[in-house]
Amino acid sequence: MPSIRPYRPSDRAALYEICVKTADAGGDATGILSDDDLWGDLFAVPYAERHPDLCWVVETDDGRAIGYIVATDDTDAFYSWFRDEWWPPLRERFPRPDEIITREDRMIDYGYTRMPGIEPNAAEYPAHLHIDLLPETQGHGFGRRLMETLFAELTRRGVTGLHLGIDPNNAGAAAFYERIGMHRLESAPGGHLYGVRFDTAG
């Protein structure tokens, strides 16, 4: 029976693999981009590097990581670090496009535009997360358990709220977040945002 445990540095390669295999609205995105690692470089591994204490993985009995949740408790601080420390070494691999034409162009430009203040919901919902589960992990309650684990830790830290973004084509993800008590937030065209507030009194 799979179990949830804290992230370890040895899980880094698995984060890249799980991220790309779930990146296309929950489906396998292998080969969609010229470099499969870009998914993980944007949406998984920097969180594990910056906040390993806010990352958990689902591990099988034979030691394979088959799902994860990664997060930051302070979006603006995370984006400052991302801009100043994480993204600069990747600029040679991912030059900024002159025009935003393809999906890959949009993703690379996303890396260049992370900065404090870019997310208008960060003041009220300062934390944000990414969660991905391989198909073999889905439908067994691990998504809910990962979310509850993170929510409990953020509440313990006194974080007032959390937001996350999803692909508008991922109807299953939207239904899941609504089932666990999250609600839609205002978002830019082409994306859906959900948020939840935490009761930190006491």
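Since this is a predicted model, take the numbers as computed values, not measurements. Scope of the values below: all heavy atoms of this structure, side chains included, with no hydrogens, waters or symmetry mates.
Follow the hydrophobic side-chain contacts under 4.5 Å out from Ile100 and you never reach Leu38; the two are in separate clusters. Using a 4.5 Å cut-off between side-chain heavy atoms of Ile, Leu, Val, Met, Phe, Trp and Tyr, with links allowed through other members, Phe82 and Trp39 fall into the same hydrophobic cluster. Tracing side-chain contacts under 4.5 Å through hydrophobic residues (I, L, V, M, F, W, Y), one reaches Ile118 starting from Met107; they form part of the same cluster. Following chains of ILVMFWY side-chain contacts shorter than 4.5 Å, one can reach Phe176 starting from Leu146, so the two form part of one hydrophobic cluster. Using a 4.5 Å cut-off between side-chain heavy atoms of Ile, Leu, Val, Met, Phe, Trp and Tyr, with links allowed through other members, Met182 and Leu193 fall into different hydrophobic clusters.
Contact of the Leu15 side chain with the Tyr7 side chain is registered, since non-hydrogen atoms from C-beta on lie closer than 4.5 Å. Side-chain contact between Ile69 and Thr149: absent, with no pair of heavy atoms (C-beta onward) separated by less than 4.5 Å. Residues Thr160 and Pro126 meet the side-chain proximity criterion, which asks for heavy atoms closer than 4.5 Å. Using a 4.5 Å heavy-atom cutoff, the side chains of Val20 and Tyr16 are not in contact. Arg83 is listed as a side-chain neighbour of Pro116, based on a closest heavy-atom distance under 4.5 Å. No side-chain heavy atom of Asp28 sits less than 4.5 Å from a side-chain heavy atom of Thr22. Considering only heavy atoms from C-beta on, Asp105 stays 4.5 Å or farther from Glu99 through its side chain. With contacts defined as side-chain heavy-atom distances shorter than 4.5 Å, the pair Phe43/Val70 does not qualify.
Remark: side-chain polar atoms of Trp56 are not paired, donor with acceptor, to backbone N or O of Met147 under 3.5 angstrom. Between the side chain of Asp36 and the main chain of Gly31, a donor-acceptor pair closer than 3.5 Å is present. Looking only at distances, no side-chain donor or acceptor of Asp24 sits under 3.5 Å from a matching main-chain atom of Gly27. Here the side chain of Asp61 pairs a donor or acceptor atom with the backbone of Met1 at under 3.5 angstrom. Judged by distance alone, the side chain of Thr137 and the main-chain N or O of Ile66 form a donor-acceptor pair under 3.5 Å. Side chain of Thr60 to main chain of Arg64: a donor-acceptor pair is present (N/O by atom type, distance under 3.5 Å, no hydrogens or angles). No donor-acceptor pair under 3.5 Å is formed between the side chain of His183 and the backbone N or O of Glu178. A donor-acceptor contact shorter than 3.5 Å links the side chain of Asp74 to the backbone of Ala77. Proximity of a side-chain donor or acceptor of Arg103 to a complementary backbone N or O of Ile32 within less than 3.5 Å is not detected.
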message: For a side chain to side chain contact (heavy atoms under 4.5 Å, CB included) check, start with the C-alpha distance between Asp35 and Leu33, then their side-chain angles and the critical distance, and finish with the verdict.
response: CA-CA 5 Å; Asp35 187 333; Leu33 306 180; 5.7 Å; no

task: For Val57 and Ile4, run side chain to side chain contact (heavy atoms under 4.5 Å, CB included): C-alpha distance rounded to whole Å, both residues' side-chain angles, the deciding distance at 0.1 Å, then the answer.
output: CA-CA 6 Å; Val57 302; Ile4 293 173; over 6 Å; no

- prompt: Which is it for Trp86 and Val45 under the side chain to side chain contact (heavy atoms under 4.5 Å, CB included) test, yes or no, and what are the steps along the way?
  reply: CA-CA 10 Å; Trp86 176 258; Val45 177; 3.7 Å; yes

task: Before giving the answer on side chain to side chain contact (heavy atoms under 4.5 Å, CB included), spell out for Asp53 and Arg157 the whole-Å C-alpha distance, their side-chain angles and the decisive distance to 0.1 Å.
output: CA-CA 12 Å; Asp53 54 335; Arg157 296 184 181 196; 2.7 Å; yes

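When all heavy atoms of Ala173 and Asn170 are compared, the closest pair comes out as N-OD1, 3.1 Å. Of all heavy-atom pairs spanning Leu42 and Gly111, the tightest one is CD2-CA, 3.8 Å. Ile108 and Pro97 make their closest contact through CG2-CD, 3.7 Å (heavy atoms, listed as atom of the first residue, atom of the second, distance). What you find for Ala25 and Asn169 is that their closest heavy atoms are CB-CB, 4.2 Å. The nearest pair of heavy atoms linking Leu133 to Phe142 is CD1-C, 4.4 Å. Of all heavy-atom pairs between Leu154 and Ala127, the closest is CD1-CB, 3.9 Å.
Separation of atoms CG (Asp73) and CG (Leu162) is listed at 10.5 Å; rounding is to 0.5 Å. Distance CG/Leu164 to CG/Asn121: 10.5 Å, rounded to 0.5 Å. Rounding to the nearest 0.5 Å gives a distance of 11.5 Å between CD of Glu148 and OG1 of Thr155. Taking CD1 of Ile166 as the reference point, atom NE2 of His130 lies at 12.5 Å (rounded to 0.5 Å). Atom CG of residue Leu90 and atom CD of residue Glu92 lie 10.5 Å apart, to the nearest 0.5 angstrom.
Phe151 has its ring centre less than 6.0 Å from the ring centre of Phe198. The distance between the ring centers of Tyr47 and His128 falls below 6.0 angstrom. A distance of 6.0 Å or more separates the ring centres of His163 and Tyr194. Checked against the 6.0 Å centroid threshold, Trp87 and Tyr112 count as a close aromatic pair.
A salt bridge between Lys21 and Asp132 is absent, with no side-chain N of the basic residue lying under 4.0 Å from a carboxylate O of the acidic one. A salt bridge links Asp11 to Arg5: one of the charged nitrogens lies within less than 4.0 Å of a carboxylate oxygen. Here Arg114 does not pair with Glu119 in a salt bridge; the nearest charged N to carboxylate O distance is not below 4.0 Å. Electrostatic pairing of Glu153 and Arg156 counts as a salt bridge here, judged by a charged N lying under 4.0 Å from a carboxylate O.
Counting non-hydrogen atoms of neighbouring residues, nucleotides and ligands closer than 6.0 angstrom, the CG atom of Asp84 exceeds 12 such neighbours.
A donor and an acceptor atom, one from each side chain of Glu104 and Ser34, are located under 3.5 Å apart.
Legend: residues meeting side chain to side chain donor-acceptor pair (under 3.5 Å) with Glu49, ordered by chain and number and at least two apart, are Arg12.
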